[in-house]
Amino acid sequence: MDQATGTVVLQAGRTSYVLRLDGTGSTVRQIHWGPALSVAEAATLVEPEDGRDSFDGGTDAREEMPVEGGLRYGVPALEVRHPDGTSSLEPLLTGHGIQHGPDGSRLVLHFVDAGPEGTRDLAWDLHYRVRRDSDVVERWAVVRNTAAGGGRPLTLLRHAGGQWTLPTRAGYRLSSVHGAWSEEFQLAGQPLAYGETTLTSRRGHTGHQSNPWVMLDAGDATEDHGEVWSVALAAGGSWRTTVLRTPAGHCGVVSGAGHEGVEAVLEPGEELTTAVTAGVWSGTGFGGASRAWHTYVRRHVLPAGGELRPVLYNSWEATTFDVTEAGQRELADRAAALGVELFVVDDGWFGRRDDDRAGLGDWHPHPGRFPDGLRPLADHVHGLGMAFGLWVEPEMVNPDSDLFRAHPDWVLHHPDRRPSPQRHQLVLDFSRPEVAEWAFGWLDRTVRDNGVDFLKWDFNRSFSEAARRTGGTAARAVHTEHAAGFHRVLDRLRAAHPRLRVESCAGGGGRVDLAVLARTDQVWTSDNTDAVDRLTIQHGASQLYPASVLGAWVTDSPNPLTGRRVPLRFRFHAAMAGVLGIGGDLTSWTAEELAEAAALVGVYKDVRPVVQHGEQYRLGSPGGHGRAVLHVHEAAGEAVLLQWRVGGRGRRAAEPLRLPGLVEDADYRVFEPGEPPEAARVVPGRVLAVHGLAAELPQGEYRSRLLRLRRL
């Protein structure tokens with residue numbers, strides 16, 4: 001820190017995040033977020049005038065923790081309703097502290113709400129955390145009601161972890177993902193409009209319609225070149241991200257848990273910790289930003305990011321609700337013969353679950369299908385050398401269930417309102433301690449008694465009529481507090497069973513964010529298993545999330561959802577770009593298909609360390625014919641290229657695939673699986689980077705290939 005100028009430099013990997021502490025103690029501003037600067041260099045930075053003396057003057061999109069009050073007309077990160085109904089705050093910086101620990105270095109800025117007559121009953125601390133091995137900056141706030149006993153509560157209308165400000169540019173482009181069930185993570189970029197652009201979910205989960213991250217650039221960044229600023233939220237429940245662009249050329253991002261109208265009440269002495277927001281700057285385009293996120297997720301978010309994810313088989317598309325012990329045994333035998341490492345029994349194993357109208361909430365083995373319980377099947381699966389997994393949906397209940405008949409008050413629904421039916425199920429209120437305790441109890445017993453190694457945790461219904469039954473001024477806080485209860489159950493379960501692994505699912509990719517990944521090991525990217533559609537879905541998801549968390553299945557052809565017919569090889573190559581799984585009806589596959597599948601599973605196991613733990617380079621666009629992904633594991637000296645073409649080969653020759661990320665002064669053997677490496681051609685890394693590999697694939701639709709590169 002430079003004391004003379006109040007300049008603080010946070011060093012995050014190759015990035016500097018520079019703050020300037022106002023000498024009056026009223027504001028803190030970020031004055032640089034980009035390439036690394038020394039403290040001496042940062043101290044010379046000059047802040048632009050904010051124009052306080054002009055009619056348009058103010059601090060919009062300029063402060064680190066904008067509040068409601070004063071000459072502030074932008075998006076507040078902190079907005080409070082005082083007991084008298086007013087919301088104005090007067091922030092005063094009272095001090096700061098710097099801490100160093102095994103999980104990085106932390107800067108804490110201390111604020112109070114101060115007026116002419118002294119300090120009011122509100123204080124907040126703004127936290128920053130950086131690490132030397134990550135370009136990511138993390139931020140959050142802790143807000144406290146400092147009133148003594150007998151004081152009055154404060155209501156938080158907004159509580160984000162601060163504002164991310166961007167340097168002044170003539171224009172900005174906003175990139176994000178949109179979608180729906182079965183078409184999640186559709187990437188789009190458009191010029192950022194003046195005013196406020198808000199992305200949100202009011203559903204109680206992150207949602208299929210958007211995902212809580214944004215990327216911003218000046219409109220000139222590409223996959224490989226240019227500056228990109230990215231912000232992501234770790235919330236898990238409803239959320240809101242607002243990007244502000246002012247006519248003066250400023251741009252800021254405020255992202256937090258909850259949406260409009262979701263309030264939190266702080267009683268005297270209570271405090272609230274906001275959701276964490278994280279930010280990345282990249283000087284090497286969108287690809288550079290993605291690789292920074294991937295490294296961060298693997299090293300600092302996932303509970304077991306260094307592990308290799310197993311090849312799994314899931315029984316849903318083979319059986320739907322027709323689940324029997326004999327049928328599952330047969331599928332397990334066939335899956336084991338393919339080299340599968342994890343066998344997952346999906347919906348239909350519990351209660352009276354003969355269809356989707358009954359049974360949710362009654363988490364005991366279906367008496368007609370598993371008369372001796374699940375343990376015999378689990379033992380059979382383990383005897384085949386595979387781990388054993390179960391599908392669960394702990395937060396849901398069917399009205400036709402013993403649980404609902406015993407506890408109708410546990411659901412998110414008010415008795416004086418008609419429910420909105422969806423999937424014949426209602427949502428249990430995990431913000432209630434007794435509901436969370438019930439869920440932990442049966443999950444703990446199920447995992448322990450049956451030797452369960454893996455849970456696919458699903459969430460198939462968005463909130464509706466969602467409020468606490470007790471009402472009150474913060475009734476809608478369940479939109480964030482339910483997620484907190486869900487997180488607590490997962491935390492307890494993983495602590496009780498350290499070897500348990502969990503996949504997050506919400507009708508596909510409806511619950512994916514950094515808070516969920518901090519408690520799970522992978523996500524079910526989409527219910528759409530069509531290999532062609534998956535290339536686009538996985539392209540969008542990979543903007544933030546690494547291949548090691550994106551579950552991808554090989555299913556039957558024609559595809560159950562789209563009816564598209566795609567060769568088995570293409571289906572495997574599409575799924576190999578993530579965490580490989582198989583979900584087809586193996587009893588209907590031919591001997592030739594089973595043999596080909598077993599060979600491809602073996603190939604994936606060989607290349608899995610590179611795909612799951614290497615750096616990813618996206619080559620070409622998912623909408624074009626030259627789509628490909630390169631994974632480079634520099635420490636292992638290996639790379640894997642996956643390439644696909646959907647349509648037939650045109651008359652014009654395909655542009656060579658130039659391969660970034662390789663060591664240019666080294667030579668590489670380039671070979672296909674099954675080809676002896678010593679017989680492969682040797683190509684200099686510089687030639688691969690500058691000239692590239694021939695991109696031609698054989699004639700016909702749905703052609704693909706996997707190439708391995710080994711450094712000599």
Side-chain angles (χ1 to χ4, degrees), residues 136 160-161 164 173-190 192 197-216 228-243 253-259 275-280 286 289-290 292-294 296-297 301-302 458-459 462-463 479-480 483 486-487 503-520 522-528 533-552 578 616 618 622:
V136 172
W164 300 83
R173 176 172 53 185
L174 171 66
S175 295
S176 61
V177 290
H178 62 93
W181 173 78
S182 82
E183 53 179 340
E184 301 91 335
F185 300 108
Q186 307 297 303
L187 181 64
Q190 57 276 322
L192 178 64
T197 300
T198 296
L199 307 177
T200 189
S201 169
R202 302 181 180 92
R203 297 169 174 267
H205 57 109
T206 53
H208 302 80
Q209 294 70 28
S210 189
N211 200 254
W213 61 262
V214 293
M215 292 190 183
L216 291 143
V228 174
W229 293 265
S230 180
V231 174
L233 175 69
S238 295
W239 57 274
R240 173 175 51 195
T241 297
T242 300
V243 185
V253 181
V254 175
S255 185
H259 53 86
V276 172
T277 56
V280 160
F286 296 102
S290 294
W293 282 120
H294 297 171
Y296 167 71
V297 169
V301 177
L302 293 167
D458 213 339
F459 183 93
S462 298
F463 287 10
H479 280 266
T480 56
F486 157 63
H487 293 163
E503 179 180 68
S504 173
C505 176
R511 188 190 251 170
V512 184
D513 76 316
L514 297 176
V516 169
L517 287 176
R519 296 162 173 86
T520 60
Q522 60 194 64
V523 298
W524 180 224
T525 318
S526 177
D527 281 348
N528 185 348
D533 288 351
R534 267 307 187 98
L535 295 179
T536 299
I537 292 169
Q538 290 166 189
H539 177 85
S542 75
Q543 302 296 313
L544 201 84
Y545 306 116
S548 60
V549 306
L550 300 178
Q616 183 188 82
R618 296 180 292 260

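- Every residue meeting the salt bridge (charged side-chain N to carboxylate O under 4.0 Å, His left out) condition with D533, not counting sequence neighbours, appears here in chain and number order: R564.
- Every residue meeting the side-chain contact (heavy atoms from CB on, under 4.5 Å) condition with T480, not counting sequence neighbours, appears here in chain and number order: A257, V262.
- The ring-ring contact (aromatic ring centres under 6.0 Å, His included) check on W164 picks up Y17, W33, with sequence neighbours excluded.
- Q186 has its side chain within reach of I537: a pair of non-hydrogen atoms, C-beta onward, lies under 4.5 Å apart.
- Remark: the backbone N or O of F185 is not paired with any side-chain donor or acceptor of N211 at under 3.5 angstrom.
- No side-chain heavy atom of V253 sits under 4.5 Å from any side-chain heavy atom of W229.
- Within the structure, the salt bridge (charged side-chain N to carboxylate O under 4.0 Å, His left out) test picks out the following pairs touching residues 505-515 (sequence neighbours left out): E395-R511.
- Looking only at side-chain heavy atoms (C-beta outward), L233 and L514 stay at 4.5 Å or farther from each other.
- A pairwise comparison of heavy atoms in H294 and Y545 identifies NE2-O, 3.3 Å as the closest pair.
- Partners of S238 by side chain to side chain donor-acceptor pair (under 3.5 Å), not counting sequence neighbours, listed by chain and number: H479.
- Every side-chain contact (heavy atoms from CB on, under 4.5 Å) that Q209 has, sequence neighbours left out, goes to R203.
- Across every non-hydrogen atom of G189 and S175, the tightest pair is CA-OG, 3.9 Å.
- In this structure, G540 and L187 approach most closely via the heavy-atom pair CA-CB, 4.4 Å.
- In this structure, S290 contributes its side chain and L544 its backbone to no donor-acceptor pair below 3.5 Å.
- For S542, the side-chain contact (heavy atoms from CB on, under 4.5 Å) test picks out Q616, R618, with sequence neighbours left out.
- Evaluated for a side-chain contact (heavy atoms from CB on, under 4.5 Å) with V214, the options L192, V231, V177 yield exactly one hit, V231.
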I would like to know whether E184 and T525 meet side chain to side chain contact (heavy atoms under 4.5 Å, CB included); could you show each step before the answer? CA-CA 8 Å; E184 301 91 335; T525 318; over 6 Å; no
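- Applying the side chain to side chain donor-acceptor pair (under 3.5 Å) criterion to S548, with sequence neighbours excluded, gives no partner residue.
- Minimum interatomic distance between A292 and V280 (heavy atoms only, all atoms of both residues): CB-CG1, 3.9 Å.
- Listed by chain and residue number, W293 satisfy the side chain to side chain donor-acceptor pair (under 3.5 Å) test with S230 (two or more places apart in sequence, or in another chain).
- Across A235 and A515, no two heavy atoms sit closer than the pair N-CB, 3.6 Å.
- In this structure, R240 contributes its side chain and V254 its backbone to no donor-acceptor pair below 3.5 Å.
- Contact check for T520 versus E503: no side-chain heavy atoms found under the 4.5 Å cut-off.
- Judged as a side-chain contact (heavy atoms from CB on, under 4.5 Å), and not counting sequence neighbours, the contacts of S210 are L199, W239.
- With sequence neighbours excluded, the residues that form a ring-ring contact (aromatic ring centres under 6.0 Å, His included) with F486 are W457.
- Closest approach of A506 and H208 over heavy atoms only: O-NE2, 2.8 Å.
- Residues meeting the side chain to side chain donor-acceptor pair (under 3.5 Å) test with T241, sequence neighbours left out: S255.
- Although no hydrogens or angles enter the test, the distance criterion places no donor-acceptor pair under 3.5 Å between the side chain of H487 and the main chain of G236.
- Atom OG of residue S526 and atom CG of residue L550 lie 11.5 Å apart, to the nearest 0.5 angstrom.
- Under the 4.5 Å side-chain criterion, counting only non-hydrogen atoms from C-beta, E183 is not in contact with N528.
- Distance check, rounded to the nearest 0.5 Å: CH2 of W524 to OG of S504 gives 12.5 Å.
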